[in-house]
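Being a predicted model, the structure only gives us computed values, none of them experimental. Protein chains get the first letters and strands the later ones, always in sequence-line order, with residue 1 at the start of each.
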Amino acid sequence: MKIPPVKGTRDFYPPQMAVHNFINDGWKRASIRNGFEEYDGPIFEYLKMYQIKSGDEIVDQLFNFKDRGDRHLAIRPEITPTLARMVNQQINALSKPIKWFSVPRLCRAERPQKGRLREFYQWNIDIIGIDDVLADAEIIFTTIDYLRQLGLKPADVKAKISSRKLLAALLCNIGIPEEKLDSLYPLLDKKAKLPADTFEELLKENVCDGAKVKTILDLMSVDSVEKISDIINLNQEAQAALDEIKHLFDLLAVMDIGEYCVFDMSIVRGLAYYTGVVFEVHDMVGDLRAIAGGGRYDNLLRDFGGPAISATGMGMGDCVLEILLRQRGLLKDGQLQTRKVEFFVAYVNDELLKNVLEITARLRQADISTSFSYKAQNLKKQLKQAAALNAEKCIILGDELEQGQIVIKDMSTGEQSCVDMGEFFKNL
RNA sequence: GUGAAUGUAGCUCAGUUGGUUAGAGCACCGGAUUGUGGAUCCGGGGGUCGGGGGUUCGAGUCCCCUCUUUCACCCCA
(Lines give C-alpha, C1' and ligand atoms only; values in the text may rest on other atoms or scores of the structure.)
Protein backbone atom coordinates (compact mmCIF):
# COMPACT_ATOMS: atom_id res chain seq x y z
CA MET A 1 0.00 0.00 0.00
CA LYS A 2 1.38 3.34 -1.04
CA ILE A 3 0.90 6.14 1.45
CA PRO A 4 0.99 9.64 0.01
CA PRO A 5 2.52 12.63 1.80
CA VAL A 6 0.12 14.65 3.93
CA LYS A 7 -1.53 17.65 2.29
CA GLY A 8 0.45 20.85 2.66
CA THR A 9 3.71 19.20 3.73
CA ARG A 10 7.01 19.08 1.89
CA ASP A 11 9.60 16.36 1.43
CA PHE A 12 13.09 17.75 1.53
CA TYR A 13 15.08 15.69 -0.96
CA PRO A 14 18.75 16.71 -1.03
CA PRO A 15 18.30 19.58 -3.53
CA GLN A 16 15.37 21.02 -1.57
CA MET A 17 17.27 20.47 1.65
CA ALA A 18 20.12 22.52 0.22
CA VAL A 19 17.67 25.35 -0.46
CA HIS A 20 16.27 25.06 3.04
CA ASN A 21 19.75 25.18 4.54
CA PHE A 22 20.64 28.18 2.39
CA ILE A 23 17.67 30.10 3.79
CA ASN A 24 18.09 28.80 7.30
CA ASP A 25 21.83 29.51 7.48
CA GLY A 26 21.24 33.04 6.21
CA TRP A 27 18.66 33.64 8.91
CA LYS A 28 21.01 32.40 11.59
CA ARG A 29 23.96 34.45 10.37
CA ALA A 30 21.82 37.60 10.18
CA SER A 31 20.53 36.98 13.71
CA ILE A 32 23.95 36.45 15.15
CA ARG A 33 25.59 39.46 13.51
CA ASN A 34 22.75 41.59 14.85
CA GLY A 35 23.30 40.33 18.37
CA PHE A 36 20.53 37.80 18.84
CA GLU A 37 20.86 34.50 20.74
CA GLU A 38 19.19 31.33 19.59
CA TYR A 39 16.47 29.53 21.56
CA ASP A 40 13.86 26.90 20.83
CA GLY A 41 10.98 25.22 22.62
CA PRO A 42 8.85 22.11 22.27
CA ILE A 43 6.92 21.55 19.07
CA PHE A 44 3.71 21.09 21.01
CA GLU A 45 2.24 23.01 23.90
CA TYR A 46 -1.04 23.17 25.80
CA LEU A 47 -3.80 24.16 23.41
CA LYS A 48 -4.79 26.82 25.93
CA MET A 49 -1.59 28.73 25.23
CA TYR A 50 -2.72 29.58 21.76
CA GLN A 51 -6.23 30.50 22.86
CA ILE A 52 -4.92 33.18 25.24
CA LYS A 53 -3.51 35.26 22.43
CA SER A 54 -5.79 34.40 19.54
CA GLY A 55 -9.14 33.37 21.00
CA ASP A 56 -11.15 30.19 20.66
CA GLU A 57 -11.59 30.51 16.89
CA ILE A 58 -7.95 29.56 16.54
CA VAL A 59 -8.63 25.98 17.62
CA ASP A 60 -9.73 24.68 14.24
CA GLN A 61 -6.86 26.50 12.55
CA LEU A 62 -4.30 24.35 14.30
CA PHE A 63 -3.48 20.71 14.79
CA ASN A 64 -4.68 19.74 18.23
CA PHE A 65 -4.99 16.44 20.04
CA LYS A 66 -5.36 14.85 23.43
CA ASP A 67 -2.67 12.79 25.05
CA ARG A 68 -3.38 9.73 27.18
CA GLY A 69 -3.71 11.90 30.25
CA ASP A 70 -6.52 13.82 28.53
CA ARG A 71 -4.40 16.95 28.17
CA HIS A 72 -5.46 19.18 25.29
CA LEU A 73 -2.33 19.83 23.28
CA ALA A 74 -1.56 21.49 19.97
CA ILE A 75 1.34 21.51 17.54
CA ARG A 76 2.80 25.00 17.62
CA PRO A 77 1.38 27.34 14.95
CA GLU A 78 3.75 30.11 16.10
CA ILE A 79 6.49 30.41 18.65
CA THR A 80 5.69 33.72 20.33
CA PRO A 81 3.55 32.12 23.09
CA THR A 82 6.39 29.69 23.82
CA LEU A 83 8.79 32.62 23.94
CA ALA A 84 6.50 34.47 26.34
CA ARG A 85 6.22 31.38 28.53
CA MET A 86 9.97 30.76 28.55
CA VAL A 87 10.82 34.37 29.29
CA ASN A 88 8.21 34.63 32.03
CA GLN A 89 9.51 31.49 33.71
CA GLN A 90 12.98 32.94 34.14
CA ILE A 91 12.26 36.62 33.93
CA ASN A 92 14.36 37.53 36.98
CA ALA A 93 17.35 35.49 35.91
CA LEU A 94 17.58 36.83 32.36
CA SER A 95 19.69 39.90 31.70
CA LYS A 96 17.92 42.63 29.77
CA PRO A 97 17.48 43.34 27.05
CA ILE A 98 16.57 39.89 25.88
CA LYS A 99 17.46 39.58 22.19
CA TRP A 100 16.52 36.11 21.05
CA PHE A 101 15.92 34.43 17.74
CA SER A 102 14.56 31.09 16.63
CA VAL A 103 13.77 29.25 13.41
CA PRO A 104 10.91 26.99 14.47
CA ARG A 105 9.10 24.51 12.27
CA LEU A 106 5.40 25.39 12.57
CA CYS A 107 2.10 23.80 11.58
CA ARG A 108 -1.24 25.36 10.82
CA ALA A 109 -4.29 23.35 9.74
CA GLU A 110 -5.20 25.57 6.83
CA ARG A 111 -5.80 24.84 3.21
CA PRO A 112 -2.57 25.37 1.33
CA GLN A 113 -2.20 28.03 -1.34
CA LYS A 114 0.53 30.05 -2.96
CA GLY A 115 3.17 30.92 -0.39
CA ARG A 116 1.32 29.15 2.39
CA LEU A 117 1.63 25.52 3.44
CA ARG A 118 0.49 23.58 6.47
CA GLU A 119 4.04 23.02 7.64
CA PHE A 120 6.74 25.64 7.29
CA TYR A 121 9.69 27.34 8.93
CA GLN A 122 9.53 30.82 10.33
CA TRP A 123 12.39 33.02 11.39
CA ASN A 124 11.53 34.92 14.56
CA ILE A 125 13.50 37.68 16.25
CA ASP A 126 12.37 39.46 19.40
CA ILE A 127 13.67 42.11 21.73
CA ILE A 128 12.15 42.06 25.20
CA GLY A 129 12.56 44.71 27.85
CA ILE A 130 13.19 47.83 25.77
CA ASP A 131 10.34 50.33 25.64
CA ASP A 132 11.93 52.49 22.99
CA VAL A 133 11.59 52.66 19.19
CA LEU A 134 15.29 51.95 19.12
CA ALA A 135 14.35 48.30 19.64
CA ASP A 136 11.80 48.47 16.81
CA ALA A 137 14.49 49.99 14.63
CA GLU A 138 16.80 47.08 15.50
CA ILE A 139 14.11 44.57 14.54
CA ILE A 140 13.44 46.28 11.22
CA PHE A 141 17.13 46.71 10.56
CA THR A 142 17.87 43.03 11.17
CA THR A 143 15.04 42.04 8.83
CA ILE A 144 16.28 44.31 6.05
CA ASP A 145 19.89 43.42 6.75
CA TYR A 146 19.07 39.82 5.92
CA LEU A 147 17.07 40.62 2.77
CA ARG A 148 19.72 43.04 1.53
CA GLN A 149 22.46 40.49 2.09
CA LEU A 150 20.53 38.11 -0.18
CA GLY A 151 20.76 40.67 -2.96
CA LEU A 152 17.29 42.19 -2.71
CA LYS A 153 17.21 45.91 -3.50
CA PRO A 154 14.88 48.70 -2.33
CA ALA A 155 13.11 48.32 -5.69
CA ASP A 156 12.40 44.68 -4.80
CA VAL A 157 11.22 44.86 -1.21
CA LYS A 158 9.99 47.51 1.17
CA ALA A 159 9.20 47.54 4.84
CA LYS A 160 5.84 49.28 5.16
CA ILE A 161 5.71 50.78 8.59
CA SER A 162 2.97 52.23 10.70
CA SER A 163 2.00 52.53 14.34
CA ARG A 164 -0.98 51.15 16.16
CA LYS A 165 -0.50 53.80 18.80
CA LEU A 166 -0.60 56.54 16.19
CA LEU A 167 -3.59 55.05 14.41
CA ALA A 168 -5.54 54.70 17.66
CA ALA A 169 -4.70 58.26 18.70
CA LEU A 170 -5.69 59.67 15.32
CA LEU A 171 -8.98 57.80 15.23
CA CYS A 172 -9.80 58.96 18.76
CA ASN A 173 -8.69 62.43 17.74
CA ILE A 174 -11.35 62.58 15.03
CA GLY A 175 -14.01 61.25 17.37
CA ILE A 176 -14.14 57.52 16.82
CA PRO A 177 -15.12 55.94 20.14
CA GLU A 178 -12.37 53.82 21.63
CA GLU A 179 -14.50 50.68 21.89
CA LYS A 180 -15.00 50.77 18.15
CA LEU A 181 -11.31 50.53 17.33
CA ASP A 182 -10.96 46.78 17.61
CA SER A 183 -13.67 46.21 15.01
CA LEU A 184 -12.23 48.90 12.77
CA TYR A 185 -8.68 47.51 12.63
CA PRO A 186 -9.49 44.38 10.59
CA LEU A 187 -11.33 46.53 8.06
CA LEU A 188 -8.53 49.07 7.75
CA ASP A 189 -6.10 46.17 7.40
CA LYS A 190 -7.93 45.10 4.25
CA LYS A 191 -7.57 48.44 2.48
CA ALA A 192 -4.85 47.28 0.11
CA LYS A 193 -6.80 44.15 -0.77
CA LEU A 194 -10.22 45.65 -1.50
CA PRO A 195 -11.24 47.82 -4.46
CA ALA A 196 -11.28 51.47 -3.40
CA ASP A 197 -15.05 51.90 -3.67
CA THR A 198 -15.79 48.67 -1.78
CA PHE A 199 -13.46 49.78 0.98
CA GLU A 200 -15.16 53.16 1.19
CA GLU A 201 -18.56 51.47 1.27
CA LEU A 202 -17.58 49.21 4.16
CA LEU A 203 -16.01 52.12 5.98
CA LYS A 204 -19.23 54.12 5.70
CA GLU A 205 -21.20 51.23 7.15
CA ASN A 206 -18.79 50.95 10.04
CA VAL A 207 -18.36 54.62 10.86
CA CYS A 208 -21.72 56.12 9.81
CA ASP A 209 -20.37 59.64 9.40
CA GLY A 210 -19.43 61.06 6.02
CA ALA A 211 -16.96 63.61 7.32
CA LYS A 212 -15.13 61.05 9.43
CA VAL A 213 -15.01 58.57 6.55
CA LYS A 214 -13.44 61.23 4.38
CA THR A 215 -10.81 62.01 7.00
CA ILE A 216 -10.02 58.33 7.52
CA LEU A 217 -9.63 57.81 3.78
CA ASP A 218 -7.29 60.80 3.60
CA LEU A 219 -5.30 59.51 6.52
CA MET A 220 -5.02 56.02 5.12
CA SER A 221 -3.50 57.25 1.90
CA VAL A 222 -0.79 59.54 3.27
CA ASP A 223 2.65 58.45 2.19
CA SER A 224 4.71 60.38 4.68
CA VAL A 225 4.51 61.15 8.38
CA GLU A 226 4.72 64.89 7.77
CA LYS A 227 1.46 65.08 5.84
CA ILE A 228 -0.68 63.82 8.71
CA SER A 229 -0.76 67.17 10.45
CA ASP A 230 -2.05 68.72 7.21
CA ILE A 231 -5.17 66.62 7.47
CA ILE A 232 -6.15 66.97 11.09
CA ASN A 233 -5.24 69.01 14.14
CA LEU A 234 -3.39 66.71 16.43
CA ASN A 235 -4.15 66.34 20.09
CA GLN A 236 -1.35 65.73 22.56
CA GLU A 237 -1.50 61.95 22.39
CA ALA A 238 -1.52 61.86 18.61
CA GLN A 239 1.36 64.33 18.49
CA ALA A 240 3.42 62.13 20.80
CA ALA A 241 2.74 59.04 18.68
CA LEU A 242 3.60 61.00 15.57
CA ASP A 243 6.88 62.22 17.05
CA GLU A 244 7.73 58.64 17.94
CA ILE A 245 7.28 57.29 14.43
CA LYS A 246 9.18 60.27 13.00
CA HIS A 247 11.99 59.39 15.34
CA LEU A 248 11.87 55.78 14.13
CA PHE A 249 12.29 56.88 10.52
CA ASP A 250 15.20 59.09 11.52
CA LEU A 251 16.87 56.10 13.13
CA LEU A 252 16.26 53.89 10.09
CA ALA A 253 17.79 56.56 7.86
CA VAL A 254 20.87 56.78 10.07
CA MET A 255 21.16 52.98 9.92
CA ASP A 256 21.21 53.31 6.14
CA ILE A 257 18.07 51.37 5.36
CA GLY A 258 15.91 54.43 4.74
CA GLU A 259 15.56 53.40 1.09
CA TYR A 260 13.92 50.16 2.18
CA CYS A 261 11.37 51.78 4.48
CA VAL A 262 8.13 53.60 3.78
CA PHE A 263 5.43 54.94 6.01
CA ASP A 264 2.10 53.30 5.25
CA MET A 265 -0.97 53.92 7.39
CA SER A 266 -2.77 50.99 5.81
CA ILE A 267 -0.48 48.53 7.60
CA VAL A 268 -2.62 47.66 10.59
CA ARG A 269 -2.10 43.92 11.15
CA GLY A 270 -5.17 41.88 11.98
CA LEU A 271 -4.15 40.89 15.46
CA ALA A 272 -5.44 42.79 18.44
CA TYR A 273 -2.33 42.51 20.55
CA TYR A 274 -0.09 44.95 18.71
CA THR A 275 0.44 48.10 20.72
CA GLY A 276 2.93 50.26 18.85
CA VAL A 277 5.03 50.12 15.73
CA VAL A 278 3.74 47.58 13.19
CA PHE A 279 5.33 46.68 9.88
CA GLU A 280 5.17 44.28 6.98
CA VAL A 281 7.78 43.60 4.34
CA HIS A 282 6.26 43.39 0.87
CA ASP A 283 7.44 42.43 -2.55
CA MET A 284 7.29 45.48 -4.81
CA VAL A 285 7.04 43.66 -8.12
CA GLY A 286 4.72 40.68 -7.88
CA ASP A 287 1.60 40.16 -5.88
CA LEU A 288 2.95 37.86 -3.20
CA ARG A 289 1.62 37.88 0.30
CA ALA A 290 3.70 39.62 2.97
CA ILE A 291 7.28 38.36 3.25
CA ALA A 292 7.58 39.30 6.89
CA GLY A 293 5.55 41.01 9.56
CA GLY A 294 6.02 42.24 13.05
CA GLY A 295 5.57 44.92 15.60
CA ARG A 296 5.45 45.90 19.21
CA TYR A 297 3.40 43.86 21.64
CA ASP A 298 3.81 45.40 25.06
CA ASN A 299 1.07 43.45 26.83
CA LEU A 300 1.79 39.93 25.75
CA LEU A 301 4.07 38.82 28.57
CA ARG A 302 1.59 40.15 31.10
CA ASP A 303 -1.23 38.30 29.31
CA PHE A 304 0.78 35.13 29.78
CA GLY A 305 0.94 35.67 33.51
CA GLY A 306 4.21 37.55 33.67
CA PRO A 307 5.18 41.11 34.49
CA ALA A 308 4.29 44.01 32.20
CA ILE A 309 7.41 44.09 30.08
CA SER A 310 7.52 45.57 26.63
CA ALA A 311 8.48 43.53 23.60
CA THR A 312 8.85 43.87 19.85
CA GLY A 313 9.55 41.29 17.20
CA MET A 314 9.31 39.97 13.67
CA GLY A 315 8.40 36.75 11.90
CA MET A 316 9.39 35.68 8.36
CA GLY A 317 8.22 32.45 6.74
CA ASP A 318 10.25 30.41 4.30
CA CYS A 319 7.53 29.78 1.66
CA VAL A 320 6.99 33.28 0.29
CA LEU A 321 10.67 34.04 0.63
CA GLU A 322 11.64 31.10 -1.55
CA ILE A 323 9.14 32.07 -4.24
CA LEU A 324 10.47 35.63 -4.19
CA LEU A 325 14.12 34.57 -4.43
CA ARG A 326 13.33 32.34 -7.39
CA GLN A 327 11.38 35.09 -9.13
CA ARG A 328 14.34 37.45 -8.76
CA GLY A 329 16.83 34.84 -9.95
CA LEU A 330 18.58 34.88 -6.59
CA LEU A 331 17.99 31.17 -6.14
CA LYS A 332 18.31 28.69 -8.99
CA ASP A 333 17.87 24.95 -9.21
CA GLY A 334 21.21 23.21 -9.23
CA GLN A 335 22.97 26.29 -7.92
CA LEU A 336 23.50 24.74 -4.52
CA GLN A 337 25.73 21.71 -4.31
CA THR A 338 24.34 18.77 -2.40
CA ARG A 339 27.35 16.53 -2.88
CA LYS A 340 30.96 17.35 -2.21
CA VAL A 341 33.99 15.36 -1.18
CA GLU A 342 37.61 16.44 -0.96
CA PHE A 343 39.03 13.08 -1.95
CA PHE A 344 37.81 10.13 -3.95
CA VAL A 345 39.95 7.01 -3.72
CA ALA A 346 39.99 4.95 -6.90
CA TYR A 347 41.66 1.57 -7.36
CA VAL A 348 42.46 -0.66 -10.29
CA ASN A 349 41.77 -4.09 -8.85
CA ASP A 350 39.98 -5.79 -5.98
CA GLU A 351 43.18 -6.71 -4.12
CA LEU A 352 43.67 -3.02 -3.36
CA LEU A 353 40.34 -2.60 -1.54
CA LYS A 354 42.09 -2.97 1.83
CA ASN A 355 44.44 -0.11 0.99
CA VAL A 356 41.48 1.97 -0.15
CA LEU A 357 39.71 1.46 3.16
CA GLU A 358 42.88 2.22 5.10
CA ILE A 359 43.51 5.48 3.27
CA THR A 360 39.88 6.49 3.38
CA ALA A 361 39.69 5.90 7.13
CA ARG A 362 42.87 7.90 7.77
CA LEU A 363 41.60 10.84 5.75
CA ARG A 364 38.24 10.78 7.45
CA GLN A 365 39.89 10.72 10.86
CA ALA A 366 41.72 13.86 9.81
CA ASP A 367 38.27 15.41 9.14
CA ILE A 368 38.70 15.25 5.39
CA SER A 369 35.61 14.11 3.48
CA THR A 370 36.46 11.05 1.45
CA SER A 371 34.59 8.51 -0.68
CA PHE A 372 35.41 5.47 -2.78
CA SER A 373 33.70 3.05 -5.09
CA TYR A 374 32.16 -0.07 -3.58
CA LYS A 375 33.22 -2.00 -6.68
CA ALA A 376 36.61 -2.08 -8.38
CA GLN A 377 35.06 -1.07 -11.68
CA ASN A 378 37.31 0.17 -14.43
CA LEU A 379 38.99 3.46 -13.73
CA LYS A 380 36.81 5.30 -16.18
CA LYS A 381 33.74 4.38 -14.20
CA GLN A 382 35.34 5.37 -10.94
CA LEU A 383 36.47 8.77 -12.18
CA LYS A 384 33.01 9.32 -13.51
CA GLN A 385 31.63 8.56 -10.07
CA ALA A 386 34.19 10.92 -8.53
CA ALA A 387 33.05 13.67 -10.88
CA ALA A 388 29.44 13.01 -9.95
CA LEU A 389 30.39 13.45 -6.30
CA ASN A 390 32.11 16.77 -7.07
CA ALA A 391 35.37 15.38 -5.74
CA GLU A 392 38.17 17.94 -5.59
CA LYS A 393 40.88 15.35 -5.92
CA CYS A 394 41.24 11.68 -6.70
CA ILE A 395 43.74 9.31 -5.22
CA ILE A 396 44.48 6.50 -7.66
CA LEU A 397 45.86 3.27 -6.31
CA GLY A 398 47.67 1.11 -8.84
CA ASP A 399 50.96 -0.70 -9.35
CA GLU A 400 52.87 2.31 -7.94
CA LEU A 401 51.65 1.31 -4.52
CA GLU A 402 54.30 -1.41 -4.44
CA GLN A 403 56.86 1.41 -4.15
CA GLY A 404 54.70 3.24 -1.61
CA GLN A 405 53.54 5.72 -4.23
CA ILE A 406 50.04 6.99 -4.89
CA VAL A 407 48.69 9.11 -7.71
CA ILE A 408 46.92 12.35 -6.82
CA LYS A 409 44.74 13.82 -9.52
CA ASP A 410 43.29 17.31 -9.33
CA MET A 411 39.78 17.01 -10.75
CA SER A 412 39.38 20.65 -11.75
CA THR A 413 42.66 20.98 -13.66
CA GLY A 414 43.11 17.34 -14.60
CA GLU A 415 46.75 17.46 -13.48
CA GLN A 416 48.12 14.50 -11.62
CA SER A 417 51.30 13.58 -9.80
CA CYS A 418 52.84 10.59 -8.12
CA VAL A 419 53.70 11.12 -4.45
CA ASP A 420 55.00 9.08 -1.57
CA MET A 421 52.13 7.95 0.64
CA GLY A 422 54.00 8.69 3.86
CA GLU A 423 54.77 12.22 2.68
CA PHE A 424 51.17 12.68 1.65
CA PHE A 425 49.82 11.97 5.10
CA LYS A 426 52.55 14.00 6.78
CA ASN A 427 51.57 17.05 4.73
CA LEU A 428 47.83 16.88 5.32
C1' G B 1 -14.86 25.49 5.69
C1' U B 2 -16.56 27.64 0.22
C1' G B 3 -15.54 27.80 -5.08
C1' A B 4 -12.76 26.74 -9.71
C1' A B 5 -9.05 24.03 -12.49
C1' U B 6 -5.95 19.69 -12.61
C1' G B 7 -4.24 14.27 -12.28
C1' U B 8 -0.81 9.31 -18.21
C1' A B 9 6.76 6.29 -16.19
C1' G B 10 11.03 9.45 -10.94
C1' C B 11 10.34 14.56 -13.84
C1' U B 12 8.16 17.43 -18.29
C1' C B 13 4.49 15.95 -21.45
C1' A B 14 2.24 13.19 -26.31
C1' G B 15 -1.91 9.84 -26.86
C1' U B 16 -6.40 11.16 -33.12
C1' U B 17 -14.70 11.47 -33.15
C1' G B 18 -14.17 5.48 -27.32
C1' G B 19 -11.00 0.38 -30.96
C1' U B 20 -5.51 -4.48 -30.41
C1' U B 21 0.51 -5.67 -26.34
C1' A B 22 0.08 3.05 -23.73
C1' G B 23 4.69 6.45 -26.29
C1' A B 24 8.83 10.46 -26.37
C1' G B 25 12.57 13.53 -24.03
C1' C B 26 15.21 14.01 -19.53
C1' A B 27 16.69 11.12 -15.23
C1' C B 28 18.26 6.19 -13.47
C1' C B 29 20.90 1.39 -14.37
C1' G B 30 24.06 -1.47 -17.83
C1' G B 31 27.42 -1.88 -22.08
C1' A B 32 31.00 0.20 -26.20
C1' U B 33 38.37 -5.31 -26.21
C1' U B 34 38.99 -4.12 -18.38
C1' G B 35 45.10 2.56 -15.76
C1' U B 36 42.07 8.13 -16.54
C1' G B 37 36.20 12.01 -15.46
C1' G B 38 31.15 15.52 -16.75
C1' A B 39 30.55 14.11 -23.99
C1' U B 40 28.70 10.64 -27.71
C1' C B 41 26.49 6.00 -29.30
C1' C B 42 23.78 1.41 -28.09
C1' G B 43 20.76 -1.25 -24.70
C1' G B 44 17.66 -1.99 -20.20
C1' G B 45 14.31 -1.57 -16.08
C1' G B 46 10.10 1.16 -14.76
C1' G B 47 3.10 2.89 -15.72
C1' U B 48 -3.83 -1.74 -12.68
C1' C B 49 -3.33 6.01 -17.26
C1' G B 50 -4.78 9.09 -8.93
C1' G B 51 -8.62 5.56 -6.58
C1' G B 52 -13.71 3.48 -6.70
C1' G B 53 -18.26 2.79 -9.28
C1' G B 54 -21.13 3.25 -13.90
C1' U B 55 -22.31 3.45 -19.51
C1' U B 56 -20.46 0.23 -23.62
C1' C B 57 -19.05 -5.58 -27.38
C1' G B 58 -14.82 -2.46 -25.91
C1' A B 59 -12.79 3.25 -21.50
C1' G B 60 -6.38 6.66 -20.67
C1' U B 61 -10.58 8.84 -23.66
C1' C B 62 -17.76 9.50 -21.74
C1' C B 63 -20.78 10.00 -16.70
C1' C B 64 -20.91 10.01 -11.08
C1' C B 65 -18.31 9.84 -6.34
C1' U B 66 -13.74 10.33 -3.77
C1' C B 67 -8.63 11.73 -3.01
C1' U B 68 -4.39 14.71 -4.53
C1' U B 69 -2.26 19.04 -6.47
C1' U B 70 -2.87 24.20 -7.91
C1' C B 71 -5.35 28.96 -7.59
C1' A B 72 -8.78 32.22 -5.21
C1' C B 73 -12.18 33.24 -0.88
C1' C B 74 -12.42 32.79 4.80
C1' C B 75 -8.27 33.42 7.92
C1' C B 76 -3.45 34.99 8.23
C1' A B 77 -0.50 34.41 14.54
Side-chain angles (χ1 to χ4, degrees), chain A residues 1-11 13 15 45 49-55 57-62 74-84 104 106-118 120 122 124 126 185-186 189-190 193-194 268-274 278 280 287-295 297 300 313-317 319-320 323 333-334 339 344 346-350 352 373 375-401 406-416 418:
Chain A
M1 183 170 62
K2 244 186 198 171
I3 298 175
V6 176
K7 182 211 290 271
T9 62
R10 287 173 289 181
D11 292 327
Y13 287 87
E45 294 270 6
M49 258 203 5
Y50 303 111
Q51 292 170 295
I52 291 175
K53 188 179 135 193
S54 311
E57 319 79 63
I58 201 74
V59 173
D60 41 81
Q61 310 246 49
L62 41 78
I75 300 177
R76 62 187 181 189
E78 57 168 331
I79 203 168
T80 309
T82 301
L83 171 68
L106 307 175
C107 292
R108 297 176 184 174
E110 298 171 302
R111 192 171 281 201
Q113 55 185 289
K114 190 174 189 181
R116 192 165 76 173
L117 297 171
R118 300 210 298 182
F120 56 97
Q122 189 184 64
N124 281 77
D126 291 275
Y185 289 147
D189 190 50
K190 286 200 175 74
K193 257 190 139 176
L194 295 170
V268 180
R269 309 282 287 157
L271 268 290
Y273 72 87
Y274 286 109
V278 285
E280 285 176 4
D287 54 347
L288 299 173
R289 61 183 65 244
I291 297 156
Y297 52 99
L300 194 68
M314 182 284 300
M316 178 188 298
C319 301
V320 175
I323 295 170
D333 280 324
R339 289 187 276 208
F344 185 92
Y347 52 118
V348 298
N349 63 58
D350 284 321
L352 295 170
S373 170
K375 284 178 285 185
Q377 292 169 300
N378 59 39
L379 205 50
K380 192 170 184 156
K381 271 266 148 67
Q382 293 188 63
L383 288 174
K384 205 167 173 173
Q385 191 184 345
L389 291 172
N390 292 312
E392 283 171 32
K393 287 170 182 154
C394 271
I395 293 174
I396 299 168
L397 303 186
D399 301 335
E400 309 88 340
L401 200 57
I406 56 176
V407 174
I408 310 286
K409 182 182 176 77
D410 186 303
M411 293 298 279
S412 54
T413 63
E415 287 168 18
Q416 64 182 56
C418 207

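- For the P atoms, the distance from B/U70 to B/U8 is 14 Å, rounded to whole Å.
- When the P atom is compared between B/G23 and B/G35, the two are found 40 Å apart, to the nearest whole Å.
- In this structure, A/Gln51 reaches neither bases nor backbone, as no heavy-atom distance under 4.0 Å exists between it and the strands shown.
- The salt bridge (Lys or Arg N to Asp or Glu O under 4.0 Å) check on A/Lys53 picks up A/Glu78, with sequence neighbours excluded.
- Heavy atoms of A/Leu62 sit nowhere under 4.0 angstrom from any nucleic acid atom.
- Contact detail for A/Asn124 and A/Gly315: the closest heavy-atom pair is ND2-CA, 4.2 Å.
- With C1' as the reference atom, B/G44 and B/A5 are 38 Å apart, rounded to whole Å.
- Taking 4.0 Å as the cutoff to heavy atoms of chain A, we find the contact window on RNA chain B bounded by B/G1 to B/A77.
- In this structure, the separation between CD1 on A/Ile79 and CD on A/Gln122 is 9.0 Å, given to the nearest 0.5 Å.
- A/Lys190 comes within contact range of the sugar-phosphate backbone alone, with a heavy-atom separation under 4.0 Å but no base atom that close.
- Among pairs with a residue in residues 376-400 of chain A, those fulfilling salt bridge (Lys or Arg N to Asp or Glu O under 4.0 Å) read A/Lys340-A/Glu392, at least two apart in sequence or across chains.
- For A/Ile75, the side-chain contact (heavy atoms from CB on, under 4.5 Å) partners two or more places apart in sequence, or in a different chain, are A/Phe63, A/Phe65, A/Cys107.
- Rounded to a whole angstrom, the distance from the C1' atom of B/C11 to that of B/U66 is 26 Å.
- Two residues, A/Glu78 and A/Asp410, neighbour RNA chain B, and the one matched to the more 5' nucleotide by heavy-atom proximity is A/Asp410.
- Distance check on atom P: B/A22 versus B/A9 gives 14 Å, rounded to whole Å.
- Using a 4.0 Å heavy-atom cutoff across all strands shown, A/Asn349 reaches no nucleic acid atom at all.
- A donor-acceptor contact shorter than 3.5 Å links the side chain of A/Thr9 to the backbone of A/Val6.
- Residue A/Arg269 is in sugar-phosphate contact alone, with no base atom involved, counting any heavy-atom pair closer than 4.0 Å across all strands shown.
- In this structure, A/Arg108 contributes its side chain and A/Gln61 its backbone to no donor-acceptor pair below 3.5 Å.
- Note: A/Leu62 CG to A/Gln51 CD = 8.0 Å, rounded to the nearest 0.5 Å.
- Contacts of A/Lys393 with the nucleic acid, taken as non-hydrogen atoms under 4.0 Å apart, are absent.
- Remark: A/Leu397 CG to A/Asn349 CG distance equals 9.5 Å, nearest 0.5 Å.
- Proximity of a side-chain donor or acceptor of A/Gln382 to a complementary backbone N or O of A/Tyr347 within less than 3.5 Å is detected.
- Across all strands shown, A/Asp287 has no heavy atoms under 4.0 Å from either base or sugar-phosphate atoms.
- Heavy atoms of A/Leu106 sit nowhere under 4.0 angstrom from any nucleic acid atom.
- Counting non-hydrogen atoms under 4.0 angstrom, A/Lys409 reaches a base of the nucleic acid.
- Residues satisfying the side chain to side chain donor-acceptor pair (under 3.5 Å) criterion with A/Arg269, sequence neighbours excluded, are A/Tyr274, A/Glu280.
- A/Gly55 comes within contact range of no nucleotide atom at all, as no heavy-atom separation falls under 4.0 Å.
- Between the P atoms of B/U68 and B/G60, the separation comes to 24 Å (whole Å).
- B/C13 and B/U2 are spaced 32 Å apart, taking the C1' atom of each and rounding to whole Å.
- Among the heavy atoms of the strands, none lies under 4.0 Å from A/Gly293.
- Heavy-atom nearest nucleotides on RNA chain B were determined for A/Glu280 and for A/Gly115, and the one closer to the 5' end corresponds to A/Gly115.
- Among the protein residues, A/Pro4 comes within range of no part of the nucleic acid, since none of its heavy atoms lies under 4.0 Å from any strand.
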Quiz item: Using Watson-Crick and G-U wobble pairs with both distances under 3.5 Å, what is the 5'-to-3' dot-bracket string of RNA chain B, with [ ] for crossing pairs and | for pairs outside the strand?
Solution: (((((.(..((((.....[...)))).(((((.......))))).....(((((..]....)))))).)))))....
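- B/C41 and B/G58 have their P atoms separated by 46 Å, with the value rounded to a whole Å.
- Among the atoms of the strands shown, base atoms are found under 4.0 Å from some heavy atom of A/Gln416.
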